[in-house]
2 protein chains.
Amino acid sequence: MSHSHRDALFQWMKTYVYRHSETPFRLASGLESQHYFNCKEITLHPERLSILAECFIEEIIPKLNIEFQAVGGLTLGADPIAYAISLGYQKRGKNVFPLVVRKESKGHGTGQQIEGFWKDIKTCLVVDDVITTGGSTLKAVKVLREVGINVTKGICILDREEGGSENLQTENVTMTSIFAKSEFF
Amino acid sequence: MSHSHRDALFQWMKTYVYRHSETPFRLASGLESQHYFNCKEITLHPERLSILAECFIEEIIPKLNIEFQAVGGLTLGADPIAYAISLGYQKRGKNVFPLVVRKESKGHGTGQQIEGFWKDIKTCLVVDDVITTGGSTLKAVKVLREVGINVTKGICILDREEGGSENLQTENVTMTSIFAKSEFF
């Protein structure tokens with residue numbers, strides 16, 4: 001199994017994503033921390049996003065022993081990862097549908113909270129960029145389960161090791177992360 | 001120049017995207033019409049999205065005579081197109097950055113309305129799935145121009161031929177569409 005994708009990602013994570021500051025940052029979860037990770041430096045950069053998708057497809061997902069027809073999570077952070085993984089499988093001749101879970105239901109039109117071919121999906125691999133408390137991942141999981149989609153496994157770039165994966169496990173979602181916060185200091 | 005991508009897309013558009021009804025549909029623009037196009041049947045389907053990106057990259061964008069470093073538009077409709085085009089150029093060794101324009105600025109964090117590497121971008125090709133009045137495309141154009149990005153050309157899947165491209169032209173944005181509504185009836 002090639003580690004080259006993970007190695008390349010790890011260099012980018014250290015150079016572009018991770019920042020340390022004596023004065024704490026305020027995180028999306030509302031918590032404060034001296035360790036800040038801006039994973040959009042990976043997910044919104046064409047070269048890094050394509051390597052990220054290859055890393056998930058070749059090095060992470062094969063170990064999960066899961067049959068799934070879709071990948072998706074809470075917009076906006078999960079979107080580039082879901083699209084890149086979906087297009088990566090497409091190159092390999094396998095249809096994995098991207099699902100985009102909105103934070104709220106949409107006003108007009110079908111009014112549901114998931115964009116994509118969710119009606120044809122039995123199992124979805126939930127995705128997020130970073131998990132701290134697991135809150136945003138769990139929000140997506142609940143919406144997906146509400147329409148009858150089976151969600152028991154998930155992937156993310158970084159686990160901040162602050163209870164997120166444990167919280168998700170109590171909700172019967174096993175999260176696999178490429179990196180853990182403690183690898184960076 | 002191969003027309004195969006456009007031909008394949010046209011079949012999908014007729015089969016999955018276009019619907020006609022005696023009782024009018026209500027469109028995202030608030031207008032009503034007997035002709036409804038759900039382009040998510042293309043943009044959220046892995047195979048069709050990858051062919052859509054190839055069509056733009058090989059058959060549409062080369063005719064626009066434009067130097068650009070990014071592609072993007074208003075979330076959520078523009079996102080899959082921007083990511084797929086960005087990853088399509090990445091395969092060809094060219095870095096085209098995806099930009100995601102939020103409808104509103106974000107509460108926490110940097111608080112700006114564009115997600116992505118907008119600070120490094122001189123010219124962005126604006127993208128949308130459907131244009132009716134051109135309103136949502138124009139919203140993205142204004143946000144992009146506000147941070148100093150040059151936007152004079154755009155692409156979309158379908159022009160409903162209801163004044164959108166004219167409205168955009170008065171704002172100095174030339175829109176090129178793969179399909180026009182009148183091709184479908």
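A, B, ... follow the sequence lines: proteins, then strands. Residue 1 opens every chain. The shown structure was predicted, so the numbers you read here are calculated from the model rather than taken from an experiment.
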| query | How far apart are the closest heavy atoms of A:Val96 and B:Pro46, and which atoms are they? | reply |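 Result for this residue pair: O-CG, 3.2 Å.
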| field | Part of A:Lys91 lying under 4.5 Å from any heavy atom of chain B | value |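 Side chain only.
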| field | chain B contact via A:Thr75 - side chain, backbone, both or neither, heavy atoms under 4.5 Å | value |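 For A:Thr75, side-chain heavy atoms alone lie under 4.5 Å from chain B.
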Has [X] got more than 12 heavy atoms of other residues, nucleotides or ligands less than 6.0 Å from its [atom1]?
X        : atom1 : result
B:Lys122 : NZ    : no
A:Asn65  : CG    : no
A:Glu67  : CD    : no

From [atom1] ([X]) to [atom2] ([Y]), nearest 0.5 Å:
X        : Y        : atom1 : atom2 : value
A:Glu115 : B:Asp79  : CD    : CG    : 10.5 Å
B:Gln90  : A:Ile51  : CD    : CD1   : 7.5 Å
B:Arg48  : A:Asn95  : CZ    : CG    : 8.5 Å
A:Tyr83  : B:Leu44  : OH    : CG    : 5.0 Å
B:Lys40  : A:Phe117 : NZ    : CZ    : 11.5 Å

| query | How about residues 125-137 of chain A versus chain B: which residues have heavy atoms under 4.5 Å apart? | reply |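 Residues in range: none.
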